[in-house]
Asks: 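Would you mind keeping the following structure in view while I ask a few things?
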Amino acid sequence: MNFLKYSALRLGLLIVVFVAGLYLRLGILFAGLAAIIIAFAVCYIFFPKLHVGARQDLGRWISRSPKIRKDTLADEDAEAEDSYVDATGDTETTGTAEVAEDAETTGGAGGVGSTHDR
């Protein structure tokens, strides 16, 4: 409820200052810019409790949305991989030990453009 009060207060103050700027013939652009700055400053300085309450209300509304945790995604991915391995019967894996062996036999970098080939 504080969020609605704070928003209504800022909007009301913005409209009042904007109309006053137009009455003083400041021009639409300057009156609008002045209204935005003044409405922000007045509400921020003179209504800090309402500002904090509005921030807390907005935080509660945003935090209600369900969030997907990375752990859940990793578990689902691992389950999918396990079920694939079980279904295909593929027990052969390319681990880091085999990659390390290949790197040792080719002289570390290997491949085209290697400094060891020159």
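Count residues from 1 along the sequence.
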Asks: List the steps, then state whether side chain to side chain contact (heavy atoms under 4.5 Å, CB included) holds for Val52 with Gln56.
Replies: CA-CA 6 Å; Val52 170; Gln56 290 172 349; 3.8 Å; yes
Asks: Could you give the distance from CG (Leu50) to CZ (Phe3), rounded to the nearest 0.5 Å?
Replies: 11.0 Å
Asks: With clusters defined by side-chain heavy atoms of hydrophobic residues (ILVMFWY) lying less than 4.5 Å apart, directly or transitively, does Leu24 cluster with Phe30?
Replies: yes
Asks: Could you check whether Tyr44 and His51, counting side-chain N and O atoms only, form a donor-acceptor pair closer than 3.5 Å?
Replies: no
Asks: Would you kindly confirm whether Ile45 and Leu9 end up in one hydrophobic cluster when ILVMFWY residues are joined by side chain heavy atoms under 4.5 Å apart?
Replies: yes
Asks: Indicate, with yes or no, if Val17 and Phe46 share a hydrophobic cluster defined by side-chain heavy-atom contacts under 4.5 Å among Ile, Leu, Val, Met, Phe, Trp and Tyr.
Replies: yes
Asks: I'd like to know whether CG of Leu4 has more than 12 heavy-atom contacts from other residues, nucleotides or ligands below 6.0 angstrom.
Replies: yes
Asks: How far apart are the C-alpha atoms of Leu26 and Leu22, what are their side-chain angles, what is the distance that settles it, and do they pass the side chain to side chain contact (heavy atoms under 4.5 Å, CB included) test?
Replies: CA-CA 6 Å; Leu26 296 177; Leu22 289 179; over 6 Å; no
Asks: Treating Asp57 as the side-chain partner and Met1 as the backbone partner, does any N or O pair qualify as donor plus acceptor under 3.5 Å?
Replies: yes
Asks: CG of Leu13 to CZ of Phe47: how many Å apart, nearest 0.5 Å?
Replies: 8.0 Å
Asks: Over all heavy atoms of both residues, which pair between Phe18 and Ala35 is shortest? Give the atoms and the distance, please.
Replies: N-CB, 3.7 Å
Asks: Working to the nearest 0.5 Å, report the span between CD1 of Ile38 and SG of Cys43.
Replies: 11.5 Å
Asks: For residues Ala39 and Arg10, report the shortest heavy-atom separation together with the two atoms involved.
Replies: CB-O, 3.9 Å
Asks: Could you check if a side-chain atom of Thr88 sits within less than 4.5 angstrom of a side-chain atom of Tyr84, using non-hydrogen atoms only?
Replies: yes
